[in-house]
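Following: one structure in structure tokens, then a few remarks.
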Amino acid sequence: ICLERDWFLIEREDFQPLDRVSSPENLAYIIYTSGSTGNPKGAMIEHAGMLNHLLVMVDEFHMDSATRIGFTAPFTFDISVWQMLSSLLCGGTVVVYRETIIQEASIFLESISDDGINLLQLVPSYLSTLLDISLNKGLEGLTYLLVTGESLHRSLLDKWFERFPNVPLSNAYGPAEASDDVSFCTMTKIPSTESIPIGKPISNMRLYIVNSSDGLCPIGVAGELWVSGIGVGRGYLNDPQKTVLQFIADPFKEGERLYKTGDLARWLPDGNLEFIGRKDEQVKIRGYRIEL
């Protein structure tokens, strides 16, 4: 369809709003995760969970019509959903970058500067590559930088605030099965803790640290991280066995369902969460969960 060429046909059509045919419980998208075993799992996410996450991003990072997001994620990566849509909800701009540009770090930095990007999300390993470049343009104009997908190490945070002390950095955590991010730790300086927290729950989501007997762990005690709330998906497409194992009724809040992440974490005294590692043999490579 070419709007200019075909407008004389289009303007003959009915301009009344379309009937709403979807509900918050309808499926929004399916995204696949942990596919290295040859059997990728299709996480089913509903509109309610997706929209909650999109609106959280708008609120958390003060997005408005002046926001210019750098779209850097492959569409097979769950963070692509908010990068694609959140800015459009508030009249902002999405600048889409070709993979060939992202692969050339110096060219990417120049593009970020030239395009006036002020909100950007990267995996820590790629951020480290950017900070090793002496080019002093591209990241200084950011309002926020988000990192996700891998553990954020203190050495990288030191390097960031040494170069860009006035740009807050947010450490995000979330599984694809729960509509992406479920917690943020937004920092304006290096925290006093040795490890970098993954933050506190986002709106309409609850996080539990659970022991081997499915009881809640006290502050400072490590356990499995369970996610509950509006963002938890339906389960895995055509895989009822894995769905039953990882998506269960929330024993701490009637009528809700939760997702067992398989991640180990613990509560810190200030109410933030510290990520520890995996219960299983999964590892993360450039932000992707991989089953060995």
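Numbering starts at 1 and runs along the sequence shown. Computation of the quantities below employed the complete heavy-atom set of this structure, encompassing side-chain atoms and omitting hydrogens, waters and symmetry-equivalent molecules.
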With side-chain hydrogen bond (donor to acceptor under 3.5 Å, both in side chains) as the test, would you mind laying out the steps for Glu274 and Thr193 before giving the verdict?
CA-CA 10 Å; Glu274 177 187 20; Thr193 53; over 6 Å; no
Do Val221 and Arg266 make a side-chain contact, defined as non-hydrogen atoms from C-beta onward lying under 4.5 Å apart?
no
Which heavy atom in Cys217 sits nearest to a heavy atom in Ala222, and how many Å separate them?
SG-O, 3.9 Å
Which is it for Val227 and Met205 under the side chain to side chain contact (heavy atoms under 4.5 Å, CB included) test, yes or no, and what are the steps along the way?
CA-CA 7 Å; Val227 178; Met205 299 294 288; 3.4 Å; yes
Where Trp267 and Leu207 come nearest, the two heavy atoms and their spacing
CZ2-O, 3.3 Å
Indicate yes or no for a side-chain donor-acceptor contact from Asn171 to the backbone of Pro197 under 3.5 Å, with no hydrogens or angles considered.
yes
Looking only at non-hydrogen atoms, find the nearest pair between Lys137 and Ser113 and report the distance.
CE-OG, 3.4 Å
Has the side chain of Ser128 got a donor or acceptor atom that lies under 3.5 Å from a matching backbone atom of Pro124?
no
Quick one: pull up CD in Glu162 and CD1 in Ile190 and give me the separation to the nearest 0.5 Å.
9.0 Å
Is it the case that atom CD in Glu11 sees more than 12 heavy atoms from other parts of the structure closer than 6.0 Å?
yes
Same apolar cluster: Leu225 and Val210, side chain cutoff 4.5 Å:
no
Treating Trp226 as the side-chain partner and Asp214 as the backbone partner, does any N or O pair qualify as donor plus acceptor under 3.5 Å?
no
Passes side chain to side chain contact (heavy atoms under 4.5 Å, CB included), Lys159 versus Asp132? Steps please.
CA-CA 9 Å; Lys159 193 181 296 186; Asp132 287 338; 3.2 Å; yes
If you define the side chain from C-beta out and look only at heavy atoms, does anything of Asp180 sit under 4.5 Å from Val81?
no
On a heavy-atom basis, which atom in Met187 and which in Phe161 lie closest, and how many Å separate them?
O-CZ, 3.4 Å
Atom OG in Ser125, atom CG in Leu130: separation rounded to 0.5 Å?
10.0 Å
Taking Ile112 as the starting point, is it possible to reach Ile107 by hopping between hydrophobic residues whose side chains are less than 4.5 Å apart?
yes
Point-to-point distance, once rounded to the nearest 0.5 Å, from CG of Leu120 to CD of Gln83:
7.5 Å
Distance check, rounded to the nearest 0.5 Å: Ile196 atom CD1 versus His153 atom NE2?
10.0 Å
Determine whether Phe108 and Thr129 make a side-chain contact, defined as any pair of heavy atoms from C-beta on separated by less than 4.5 Å.
no
Transitive ILVMFWY side-chain link Leu139 to Ile133, under 4.5 Å
yes
State, yes or no, whether a side-chain contact exists between Pro251 and Leu258 at a heavy-atom distance under 4.5 Å.
yes
Please report the C-alpha distance between Phe184 and Phe61 in whole Å, then the side-chain angles of each, then the deciding distance to 0.1 Å, and finally whether the ring-ring contact (aromatic ring centres under 6.0 Å, His included) criterion is met.
CA-CA 11 Å; Phe184 295 112; Phe61 301 105; 5.2 Å; yes
Side-chain (Arg234) to main-chain (Glu25) donor-acceptor, under 3.5 angstrom:
yes
Main-chain N/O of Cys2 paired with Asp6 side-chain donor or acceptor, under 3.5 Å
yes
Please check if the side chain of Ser86 supplies one atom and the backbone of Leu54 the other of a donor-acceptor pair under 3.5 Å.
yes
Test side chain to side chain contact (heavy atoms under 4.5 Å, CB included) on Phe77 and Val123; report intermediate values, then the result.
CA-CA 11 Å; Phe77 201 0; Val123 293; 4.2 Å; yes
Are the side chain of Glu60 and the backbone N or O of Val58 linked by a donor-acceptor pair below 3.5 Å?
no
Using every non-hydrogen atom in the two residues, find where Leu27 and Met44 come nearest and quote the distance to one decimal.
CD1-CB, 3.5 Å
Ile219 vs Leu268, side chain to side chain contact (heavy atoms under 4.5 Å, CB included): CA-CA, chis, key distance, verdict:
CA-CA 6 Å; Ile219 293 171; Leu268 299 174; 6.0 Å; no
Answer yes or no: is there a donor N or O on one side and an acceptor on the other, between the side chain of Asp181 and the main chain of Ile202, under 3.5 Å?
no
Could you pull out the closest heavy-atom pair between Ser183 and Gly199, with the gap in Å?
CB-C, 4.1 Å
Parallel, tilted or perpendicular: which one describes the rings of Tyr173 and Phe275, with boundaries at 30° and 60°?
tilted
Mark yes or no for whether Thr67, through its side chain, and Ser87, through its backbone, hold a donor-acceptor pair below 3.5 Å.
no
Is Leu216 reachable from Val182 through a run of I, L, V, M, F, W or Y residues, each pair having side-chain heavy atoms under 4.5 Å apart?
no
Hey, does Asp59 have a side-chain heavy atom less than 4.5 Å from the side chain of Ser203?
no
Are any side-chain N or O atoms of Asp115 and backbone N or O atoms of Ile117, one a donor and one an acceptor, separated by less than 3.5 Å?
no
Are Lys41 and Gln246 packed together at the side-chain level, in the sense that at least one heavy-atom pair is separated by less than 4.5 angstrom?
yes
Indicate yes or no: does Arg257 engage Asp250 in a salt bridge with an N to O separation below 4.0 Å.
no
Examine Tyr259 and Phe252 and state if one hydrophobic cluster contains both, with Ile, Leu, Val, Met, Phe, Trp and Tyr joined whenever side-chain heavy atoms are less than 4.5 Å apart.
no
Donor-acceptor pair between Tyr236 and Gln241 side chains, under 3.5 angstrom
no
Any heavy-atom pair between the side chains of Phe164 and Leu142 that's under 4.5 Å?
no
Which distance, rounded to the nearest 0.5 Å, do you find between the CD1 of Ile45 and the CG of Asn52?
11.5 Å
For the residue pair Ile79 and Thr72, establish whether any side-chain heavy-atom pair is separated by less than 4.5 Å.
no
If you measure from CD on Glu224 to CG on Leu264, what distance do you get to the nearest 0.5 Å?
7.0 Å
